[in-house]
Amino acid sequence: MIENYFNYFTEIEEHFQQTRGTGLFLLSPLDWALIETWKNAGIPLEAVLRGIDVAFEKWRSRPARARIHMVNSLAYCAQAVMEEAQAMARTKPASKKDVKPPFEIEAVREFIERNAAALRGAGQVATAESIEALDIEALYHDLEQLEQRLTSIEEKLIANLRTSASDEALFEARRALDLDLKPYRGKMSAEQLSMLEKQFLERRLLESAKLPRLSLFYL
């Protein structure tokens, strides 16, 4: 399987839905934060997909009385995903091949322009100017570097949002996370939980401020 780096979110969403057997199932904010945690940790797409398969195979092997409650979150698969990632890390990595950019340069330009307009509309002029200053023509041939630059700009934006957020807003976000995560805490390490909390809170801050995600993963 050739991994399309920028289809990471979509591939995982669709695979989870198909494996669960309910195509209309919508992932929760917790699920999206967990995917982003995996992406940032460099967990290969193949490891995530295998982990989902393993977790569901284990669930379906249980007696019927133990399958009363359906799997309703990717968090159920977290432990299996990490085990698959560790197994892949022990094997020799396959040689990388040159892959054609997954989207046209015009799509990238439109993405940048759309986000810049949204940022200006929300009063984030400095951030808008930062992404407008990127040399898309040159960076299009090195999308990994473009992604790194966009991520760096977004991290600075999030840091500013966190500083200006009220204690009450942060408390409510953490309470929502604790409620969603409670059934799955036993499946994650302390490090995983810490990373997931960080991603969940960052997504909540951006959504509350009605600001766009700058990463090419959202193109």
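Interatomic distance, CG of L146 versus CD1 of I131, reported as 10.5 Å (0.5 Å rounding). In this structure, C77 SG and E84 CD are separated by 11.5 Å, a value rounded to the nearest 0.5 Å. Taking CD from Q124 and CG from L161, the interatomic distance works out to 6.0 Å, rounded to the nearest 0.5 Å. Note that the CG atom of L219 and the CZ atom of R114 stand 6.5 Å from one another [nearest 0.5 Å]. In this structure, E191 CD and L193 CG are separated by 10.0 Å, a value rounded to the nearest 0.5 Å. Here CE of M82 is found 4.0 Å from CD1 of I43. Values are rounded to the nearest 0.5 Å.
Here the closest heavy-atom approach between residue Q199 and residue A33 is recorded as CB-O, 3.6 Å. Closest heavy-atom contact between V81 and I52: CG2-N, 4.4 Å. Of all heavy-atom pairs spanning A116 and E132, the tightest one is CB-OE2, 3.5 Å. Scanning all heavy atoms of the two residues, the minimum distance from A173 to F200 falls at O-CE2, 3.3 Å. Closest of all the heavy-atom pairs between K39 and S215 is NZ-OG, 4.4 Å.
Residues R204 and S208 form a side-chain contact, since some pair of their non-hydrogen atoms from C-beta on lies under 4.5 Å apart. Residues L45 and N7 are not in side-chain contact: their nearest non-hydrogen atoms beyond the backbone lie 4.5 Å or more apart. Using a 4.5 Å heavy-atom threshold, the side chains of F16 and D31 count as separate. No side-chain heavy atom of E147 sits under 4.5 Å from any side-chain heavy atom of L143. Taking the side chain as every heavy atom from C-beta outward, K58 and Q79 never approach each other to under 4.5 Å. Taking the side chain as every heavy atom from C-beta outward, L119 and L214 approach each other to under 4.5 Å. F9 has its side chain out of reach of E13: every pair of non-hydrogen atoms, C-beta onward, lies at least 4.5 Å apart. Side-chain contact between L157 and L206 is present, with at least one heavy-atom pair separated by less than 4.5 Å.
In the hydrophobic clustering of ILVMFWY residues, with side-chain heavy atoms under 4.5 Å counting as a link, M195 and L177 come out apart. Under a hydrophobic-cluster definition in which Ile, Leu, Val, Met, Phe, Trp and Tyr are linked whenever side-chain heavy atoms come within less than 4.5 Å, directly or via other members, V54 and I12 are assigned to different clusters. If you chain together hydrophobic residues whose side chains sit under 4.5 Å apart, I105 and L150 fall into the same group.
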### Query
Going through the distances and angles, do V108 and F103 end up as a side-chain contact (heavy atoms from CB on, under 4.5 Å)?
CA-CA 7 Å; V108 178; F103 20 67; 3.8 Å; yes

### Message
Before you tell me yes or no, could you show the steps for F217 and I35 under side-chain contact (heavy atoms from CB on, under 4.5 Å), namely the whole-Å CA-CA distance, both residues' side-chain angles and the distance that decides it to 0.1 Å?
### Response
CA-CA 11 Å; F217 283 89; I35 295 175; over 6 Å; no

### Query
How far apart are the C-alpha atoms of R90 and Q86, what are their side-chain angles, what is the distance that settles it, and do they pass the side chain to side chain donor-acceptor pair (under 3.5 Å) test?
CA-CA 7 Å; R90 290 193 293 268; Q86 291 166 2; 4.9 Å; no

### Query
Under the side-chain contact (heavy atoms from CB on, under 4.5 Å) criterion, do L30 and L196 qualify, and how do the steps go?
CA-CA 8 Å; L30 172 67; L196 180 56; 3.5 Å; yes

### Query
Taking it one step at a time, do V48 and H15 satisfy side-chain contact (heavy atoms from CB on, under 4.5 Å)?
CA-CA 10 Å; V48 179; H15 192 74; over 6 Å; no

### Message
Go through it in stages, so that I can follow the logic: the residues are T163 and N160, the test is side chain to side chain donor-acceptor pair (under 3.5 Å), and I'd like the CA-CA distance, side-chain angles, deciding distance and then a yes or no.
### Response
CA-CA 5 Å; T163 300; N160 292 335; 5.4 Å; no

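Salt bridge R109/E137: present, at least one basic N to carboxylate O contact under 4.0 Å.
Note: F111 and Y218 fail the aromatic proximity criterion, with ring centroids not under 6.0 Å apart.
No option in E202, E36, E207 other than E36 meets the side-chain hydrogen bond (donor to acceptor under 3.5 Å, both in side chains) test with R213. Each of R203, R175, R174 was compared with E197 under the salt bridge (charged side-chain N to carboxylate O under 4.0 Å, His left out) criterion, and only R174 meets it.
Under the 3.5 Å distance criterion, the side-chain polar atoms of R20 are matched with a main-chain donor or acceptor of V71.
Around atom CG of D135, more than 12 heavy atoms belonging to other residues, nucleotides or ligands sit under 6.0 Å away.
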